[in-house]
Structure formats: structure tokens, C-alpha cells
Amino acid sequence: MRVAAIDCGTNSIRLLIADVEGSNFREVFRDMEIVRLGQGVDKTGQFHPDAIVRTLVAVDKYALEIAKRGVEKIRFCATSATRDATNRDLFIDGVKERLGIAPEVIPGEVEAALSFQGATKDFDKAEGPFLVIDIGGGSTEFVFGTDKVEFAKSMNIGCVRMSERHFTNGDPDPGQIAAAIEDIDEAIKQAGKVVPITEAKTLIAVAGTATTVAAAALELGAYDRYAIHLSRISAEKAHAISKMFLSAKREDREALGYMHPGRVDVIGAGSLVLSRIMLATGATEFVASESDILDGMAWSLV
């Protein structure tokens with residue numbers, strides 16, 4: 001069966017079209033657009049009109065791909081920003097007009113379960129229990145389990161949310177970084193009351209923050225998802241890269257060949273979240289996975 005999964009987060013919207021038969025999975029098409037749907041949501045509680053327009057332009061593009069490639073089933077999930085926006089119906093109605101289906105505004109726990117399913121599919125169960133960390137734009141999911149999710153918690157410490165809340169001048173100063181650390185550490189502490197974050201055998205990190213940190217650690221000249229997938233990045237490197245992103249000027253981050261333009265102003269906050277999680281868990285490394293909630297959504301359709 002040919003299926004399409006669309007994941008619309010706070011920072012990006014992504015499409016995966018795949019053929020799934022039994023245990024066989026073949027990727028047909030994958031795309032990502034940085035649309036910053038969550039622009040200002042942490043502060044105002046509403047979607048900005050420009051953000052809705054940007055996102056629906058991307059949905060138009062995806063509708064064409066879905067029609068062109070003969071997709072039989074579609075699942076569209078909207079996450080942190082849409083959960084928080086009081087005017088979400090404007091966005092939901094726009095998606096319905098374009099795709100004929102309503103986006104599911106999924107709770108953090110469902111998001112966590114889908115991320116876990118996608119992230120762990122390339123691992124031997126002997127490497128479990130796993131802690132899957134999904135650092136998004138608005139929230140970060142902490143998911144623990146081996147064969148299935150045993151514990152999960154979603155916390156509002158995504159890269160866009162932390163950037164808008166703490167790094168208001170673009171390039172953060174030491175005081176802003178210290179305030180962000182306090183905020184992030186408190187959220188990790190709360191997650192740790194629900195999820196046994198120090199007991200995992202393997203820490204898997206998914207989504208753009210983690211894969212960009214991996215690209216930096218691997219010293220890639222350009223973003224290469226095949227080089228990044230399943231790469232193992234030491235805690236020492238993750239901490240050093242976070243410090244580098246936080247101290248680098250915007251133009252220096254922009255000049256990095258692997259850096260997506262839409263991540264330039266949020267990668268510092270995102271890498272700080274990853275660094276603080278690694279400190280809190282005591283993990284000596286993380287495994288970067290390019291398989292995530294999108295893959296989990298595709299599997300869920302069959």
C-alpha cells in the first residue's frame with residue numbers, strides 16, 4: 001500500500017510517501033519545509049497569520065506530490081504549536097480544503113509513541129531499553145521502552161520555544177544561556193519523575209536538532225542523511241558542539257554547509273536541550289536517527 005505521512009510541527013512540516021507491505025518498507029519520497037508555524041505561539045497563544053500562510057503554501061505543494069504519486073492513504077499529524085494555538089481552526093480548515101482530511105492534533109504522548117516506533121525500527125532489541133528523545137520546535141518528547149513504549153512524557157522545551165523565550169537578541173549572552181539552562185533542567189527533572197531517563201541502554205535522538213548536531217560532529221561539508229543515520233556521537237562532542245553553536249555569530253552558523261537556513265536561529269537552543277539531556281541521563285553517546293515520527297505514522301497506516 002502506498003501511504004503518505006505529514007508531520008506538522010512548530011518549526012517544520014515534512015512529508016513521507018512510502019510503500020508498506022507487511023514488514024517491508026520502501027521510501028518513495030521525502031521532503032521538509034521550514035515554515036515556523038509556531039511563530040510567537042509561546043507568547044501569544046495564537047498562530048500568526050503569516051505562519052498559517054507559509055504552512056498552507058507547503059501543504060499545497062504536498063497535495064500535488066500526493067496526487068501525482070497515487071497515494072492510497074494519508075495521515076496528517078499536527079503537534080506542539082497546534083496543541084497550544086487557540087485559533088487552530090484556521091489552520092485545520094485550510095488543510096481540509098487542500099487534502100480532504102483534517103489534521104489530527106495529537107497529544108504529546110501519541111507523538112512520543114509514533115516517534116518511538118519510527119526511531120527504534122532499525123535497532124536490535126538487545127540494545128534496549130531505549131530512551132528516544134525527540135527535540136521539536138515547541139516540545140521535546142522523552143520516550144522509554146524496548147519492544148513498546150513503557151513511559152513517555154512531553155515537555156515544552158522545543159528549540160523554537162526556548163529561542164523565543166530566552167534568546168530574544170539572536171546571539172545569546174551568558175545570562176540568557178544560564179536562564180535557558182535553568183528552564184530546560186527543570187523540565188528534564190519533571191520528565192524524569194515519569195520516565196526513567198537514567199536507565200536506558202541506548203539513547204536515540206531524532207529530528208532536526210539532533211541530526212544537525214550529528215552533522216557537525218561528523219564534520220560534514222553538506223547535510224547527508226545517510227551518513228548521519230545511526231551515527232554515534234559522544235557526549236563530549238555533543239557538549240562542545242552546543243557551546244560552538246551558542247557562541248558562534250549568526251553569519252558563521254549560516255555559512256555551515258550542513259545547516260538548513262531555517263535552523264540557523266534555533267539550533268543554539270536545540271543543541272542546548274540535547275546537551276542538558278545528555279548530562280541529566282549520564283549517557284556517554286547518542287545515536288542519531290533519521291527515522292522518526294514520520295516513519296511511525298507511515299507504519300500506523302497499515
Side-chain angles (χ1 to χ4, degrees), residues 7-14 32-48 50-52 54-55 77-88 91 105-112 115 132-143 152-173 175-192 195 205-213 242 245-246 250 253 260-277 280 292-293:
D7 165 41
C8 188
T10 300
N11 197 40
S12 64
I13 185 168
R14 300 179 303 145
M32 178 191 74
E33 301 275 335
I34 300 284
V35 291
R36 197 63 58 83
L37 178 61
Q39 174 191 342
V41 168
D42 186 59
K43 188 175 181 180
T44 67
Q46 291 196 321
F47 284 138
H48 192 287
D50 293 349
I52 294 177
R54 286 194 302 269
T55 307
C77 290
T79 54
S80 178
T82 311
R83 289 195 290 265
D84 294 348
T86 55
N87 61 343
R88 69 178 73 90
F91 170 60
V105 185
I106 57 173
E109 288 65 33
V110 173
E111 183 179 356
S115 290
V132 176
I133 300 296
D134 183 348
I135 302 170
S139 64
T140 292
E141 279 62 56
F142 298 76
V143 202
K153 184 68 176 173
S154 178
M155 301 301 299
N156 284 336
I157 50 168
C159 60
V160 174
R161 194 184 298 267
M162 290 296 96
S163 296
E164 290 186 351
R165 191 179 292 176
H166 295 288
F167 301 163
T168 49
N169 302 325
D171 296 328
D173 60 40
Q176 290 172 323
I177 293 170
I181 287 172
E182 191 176 337
D183 200 358
I184 292 163
D185 286 356
E186 178 57 29
I188 295 169
K189 182 181 172 184
Q190 294 307 315
V195 180
V206 303
T209 286
T211 58
T212 302
V213 169
S242 177
F245 285 149
L246 287 165
R250 190 181 203 284
R253 295 193 302 275
H260 191 288
R263 295 205 187 281
V264 172
D265 58 348
V266 296
I267 190 60
S271 66
L272 184 60
V273 172
L274 179 58
S275 175
R276 300 310 293 181
I277 289 171
D292 54 26
I293 185 172

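Values below: all heavy atoms of this structure, side chains included; hydrogens, waters and symmetry mates excluded.
- Nearest heavy atom pair, residue Met162 against residue Ala269, reads CB-CB, 3.9 Å.
- Of the residues listed (Ile184, Ile188, Leu272, Asp185), the one engaging Ile277 in a side-chain contact (heavy atoms from CB on, under 4.5 Å) is Ile188, and it is the only one.
- Between the side chain of Thr55 and the backbone N or O of Ala51, at least one donor-acceptor pair lies under 3.5 Å.
- Residues Ser12 and Val35 have side chains not in contact (no heavy-atom distance under 4.5 Å, counting atoms from C-beta outward).
- Between Val213 and Phe245, some side-chain heavy-atom pair lies under the 4.5 Å cut-off.
- No side-chain heavy atom of Thr79 sits under 4.5 Å from any side-chain heavy atom of Cys8.
- Minimum heavy-atom separation, Gln176 to Asp173: N-OD1, 2.8 Å.
- Taking the side chain as every heavy atom from C-beta outward, Asp171 and Arg253 approach each other to under 4.5 Å.
- Expressed to the nearest 0.5 Å, how far CG of Asn11 lies from CE of Met32 amounts to 8.0 Å.
- With sequence neighbours left out, Thr211 forms a side-chain hydrogen bond (donor to acceptor under 3.5 Å, both in side chains) with Tyr223.
- Side-chain contact annotation: Glu141 with Ser154, donor-acceptor N/O pair under 3.5 Å present.
- Applying the side-chain contact (heavy atoms from CB on, under 4.5 Å) criterion to Glu164, with sequence neighbours excluded, gives Asp42, Val160.
- The side-chain hydrogen bond (donor to acceptor under 3.5 Å, both in side chains) search around Glu182 returns none, not counting sequence neighbours.
- A 4.5 Å side-chain heavy-atom check between Val143 and Val206 finds every atom pair outside the cut-off.
- A 4.5 Å side-chain heavy-atom check between Gln39 and Thr10 finds every atom pair outside the cut-off.
- Rounding to the nearest 0.5 Å places OG of Ser163 at 11.5 Å from CZ of Arg263.
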What do the steps show when you test His260 against Ile34 for side chain to side chain contact (heavy atoms under 4.5 Å, CB included), and what is the final call? CA-CA 9 Å; His260 191 288; Ile34 300 284; 3.1 Å; yes

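- Checked against ring-ring contact (aromatic ring centres under 6.0 Å, His included), Phe91 has the following partners two or more places apart in sequence or in another chain: Phe47.
- Remark: Ala207 pairs with Asp134 by the side-chain contact (heavy atoms from CB on, under 4.5 Å) rule, at least two apart or across chains.
- Annotation for Leu37 and Gly9: closest pair CB-O, 3.8 Å, computed over non-hydrogen atoms.
- Proximity of Val273 to Thr209: side-chain heavy atoms (C-beta onward) are nowhere separated by under 4.5 Å.
- No side-chain donor from either of Arg88 and Gln46 sits under 3.5 Å from a side-chain acceptor of the other.
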Decide side chain to side chain contact (heavy atoms under 4.5 Å, CB included) for Ile133 and Thr140; before the verdict, give the C-alpha distance in whole Å, the side-chain angles of both, and the deciding distance to 0.1 Å. CA-CA 7 Å; Ile133 300 296; Thr140 292; 4.0 Å; yes

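- Between Val266 and Cys159, the shortest heavy-atom distance links the atoms O-CB, 3.5 Å.
- Taken to the nearest 0.5 Å, the CG atom of Leu246 stands 5.0 Å off from the OG atom of Ser271.
- Judged purely by atom type and a 3.5 angstrom limit, Arg54 uses its side chain to pair as donor or acceptor with the backbone of Arg36.
- Remark: Asp7 CG to Ser115 OG distance equals 7.5 Å, nearest 0.5 Å.
- With contacts defined as side-chain heavy-atom distances shorter than 4.5 Å, the pair Phe142/Met155 qualifies.
- The side-chain hydrogen bond (donor to acceptor under 3.5 Å, both in side chains) check on Asp183 picks up Arg165, His166, with sequence neighbours excluded.
- Under a 3.5 Å cut-off, the side chain of Thr212 and the backbone N or O of Gly208 do form a donor-acceptor pair.
- Considering all non-hydrogen atoms of both residues, Pro172 and Phe167 come closest at CB-CD2, 3.5 Å.
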Chi angles and distances behind the side chain to side chain contact (heavy atoms under 4.5 Å, CB included) call for Arg14, Asp292: CA-CA 11 Å; Arg14 300 179 303 145; Asp292 54 26; 2.9 Å; yes

Full working for side chain to side chain contact (heavy atoms under 4.5 Å, CB included) between Ile106 and Ile293: CA-CA 12 Å; Ile106 57 173; Ile293 185 172; 4.2 Å; yes

